[in-house]
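Every chain is numbered from 1, with letters handed out A, B, ... down the list of sequences. Keep in mind that what you see is a predicted model, and the values were worked out from it rather than measured.
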Protein chains: 2
Amino acid sequence: MENEIIKYLSRYIPVTKELEEAISKSGFIQCFDKGTLLVEEGKFTQKCFFILKGCVRNYYIKDGEEKTTEFYTEEQAIIASANGKNIPSTYYLECMEPTIAAVSDPEFEEDMYRKFPELESLSRVMAEKILTKQIETFAEFKMASPEERYLNFLTTRPDLIQRVPQHQIASYLGIKPESLSRIRKRIMK
Amino acid sequence: MENEIIKYLSRYIPVTKELEEAISKSGFIQCFDKGTLLVEEGKFTQKCFFILKGCVRNYYIKDGEEKTTEFYTEEQAIIASANGKNIPSTYYLECMEPTIAAVSDPEFEEDMYRKFPELESLSRVMAEKILTKQIETFAEFKMASPEERYLNFLTTRPDLIQRVPQHQIASYLGIKPESLSRIRKRIMK
DNA sequence: TTCATTTCTTAACTTAAGTCAACGAGCAAA
DNA sequence: TTTGCTCGTTGACTTAAGTTAAGAAATGAA
């Protein structure tokens, strides 16, 4: 699986022998069982994840209910929200499937950036790319009705329909499960 | 105003004489009249902005209506969404007030990063920080009702109430102006 | 000042999402 | 196999947002 991350990196930067070795040695590729909580509310962690295989769900507990806000799948990065601070997590990250991920933390990253400055350049470019995508997605969400959001979801994340339960998708779309059920019925006509 | 951006930068990195000079000489601080469109739908531009003074509104035109999705004010960065590609803009950026901003583009940034690598490190940290904030804001938006969003807005962006018209705030909250009017009446009791 | 435009509010009505409850299908554990 | 969950659907009802239209208030230009 170290191979996978190197394949990914070499799409963007030349991967030298030294970098390849540093990555292979680091042992930062980890496997998680389905159901594993990578992050829990109230716990302190600064870990970041890059999904190589599997699916991770981001959810909050609000008014005693799970509110799913994001699904991360192959080649997506999960950035630590506890940015350098020692603050407890407000959310959970749960593996929806057996998941393989590159796991890192700020110290490891800083160390790698020192040794391989081109990695920090890549991180900068990636962070900006993900950020613009995120802003665009948020704008679309704001402008769309629940029904439009679902139709949009069908085309942008079709794989997720098979991978996660529908009531979590409802939550992800900002609506109740019963409403999603009715929307589905409506658009089938 | 060059002074302002240097003051901002020196909060995060030591600003050397050379860097200060490069910034002063670049002449990348620009002033815009109220009503100026920094970016227009269909036009090609790769400009980025960092607001020093003023307010910029991001909006789309959908179904013949303006849909406001973001407001940028002092010390906020507006990242170009046309990331390195030659694609036309899908949105507008309008100055809601006379605005002073640091204006840059990818070439200028690459040039500065080459000369001052510490700037790229700072950009990486900033992009990650803005990204995590953005993800959090999006999650809160999804989980909240229109009324909760407005109450949240009152505490997080109180200045905007005085600076922009209410129907644009409605749009920003993902609702119609009439609904916001009713929500305001409701919470006043 | 006057006039026009934009902005906000209100009202009546429609539509769709939320709520509550029930039910059946599918699945897994005992 | 039985039992207990989780999950999705449906129905009846409530609530609040969308729609349409009108008018009042504020703003800005002539």
**Item:** Nearest heavy-atom neighbours spanning A/Cys55 and A/Arg163
**Value:**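 So the minimum-distance heavy-atom pair works out to CB-NH2, 4.0 Å.
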
What integer distance in Å separates [X]:[atom1] from [N]:[atom2]?
| X | N | atom1 | atom2 | value |
| --- | --- | --- | --- | --- |
| B/Glu65 | D/dT20 | CD | P | 10 Å |
| A/Glu147 | D/dG18 | CD | C1' | 14 Å |
| A/Met143 | D/dG18 | CE | C1' | 18 Å |
| B/Leu180 | D/dG18 | CG | P | 10 Å |
| B/Gln162 | D/dA26 | CD | C1' | 15 Å |
| A/Tyr150 | C/dA16 | OH | P | 17 Å |
| B/Ile175 | D/dT19 | CD1 | P | 13 Å |
| B/Met188 | C/dT9 | CE | P | 7 Å |

**Prompt:** Are A/Phe49 and A/Tyr72 close enough that their ring centers fall under 6.0 Å?
**Reply:**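 Centroid distance A/Phe49-A/Tyr72: not below 6.0 Å, so no.
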
**Message:** I'd like to know whether the aromatic ring centres of A/Phe153 and A/Tyr172 sit less than 6.0 Å apart in this structure.
**Reply:**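 A/Phe153 vs A/Tyr172: aromatic centres under 6.0 Å.
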
Under 4.0 Å: is that the gap between some side-chain N or O of [X] and OP1 or OP2 of [N]?
| X | N | answer |
| --- | --- | --- |
| A/His167 | D/dG8 | yes |
| B/Ser181 | C/dC8 | no |
| B/Lys176 | D/dT19 | yes |

**Message:** Under 3.5 Å, is there any donor-acceptor pair linking the side chain of A/Arg186 to the base of D/dT10?
**Reply:**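 No.
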
**Request:** Spell out yes or no: do the side chain of A/Arg184 and the base of D/dG8 have one donor N/O and one acceptor N/O closer than 3.5 Å?
**Result:**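 Per atom types, no contact qualifies.
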
**Asked** Is there a donor-acceptor pair closer than 3.5 Å between any side-chain N or O of A/Thr36 and the backbone N or O of A/Leu38?
**Response**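 Here the side-chain-to-backbone pair does not exist.
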
**Request:** Name the residue closer to the 5' end of DNA chain D, choosing between B/Lys34 and A/Gln168 according to the nucleotide with the nearest heavy atom.
**Result:**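 So the residue in question is A/Gln168.
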
**Residue whose nearest DNA chain D nucleotide is more 5′ - A/Pro177 or B/Arg182** =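 Nearer the 5' end of the strand: A/Pro177.
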
**Asked** Which part of the nucleic acid does B/Pro146 contact within heavy-atom distance under 4.0 Å: base, sugar-phosphate only, or nothing?
**Response**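 Sugar-phosphate, backbone atoms only, no base.
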
Of all the choices, [options], which nucleotide is nearest to the side chain of [X] once you look at every atom?
| X | options | result |
| --- | --- | --- |
| B/Glu178 | D/dA21, D/dG18, C/dT19 | D/dA21 |
| A/Ser179 | C/dA17, C/dT9, C/dC20 | C/dA17 |
| A/Gln166 | D/dT19, C/dC8, D/dG8 | D/dG8 |

**Prompt:** Just checking, any donor-acceptor pair under 3.5 angstrom between side chains of B/Glu66 and B/Ser171?
**Reply:**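 Side chains of B/Glu66 and B/Ser171: no pair found under 3.5 Å.
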
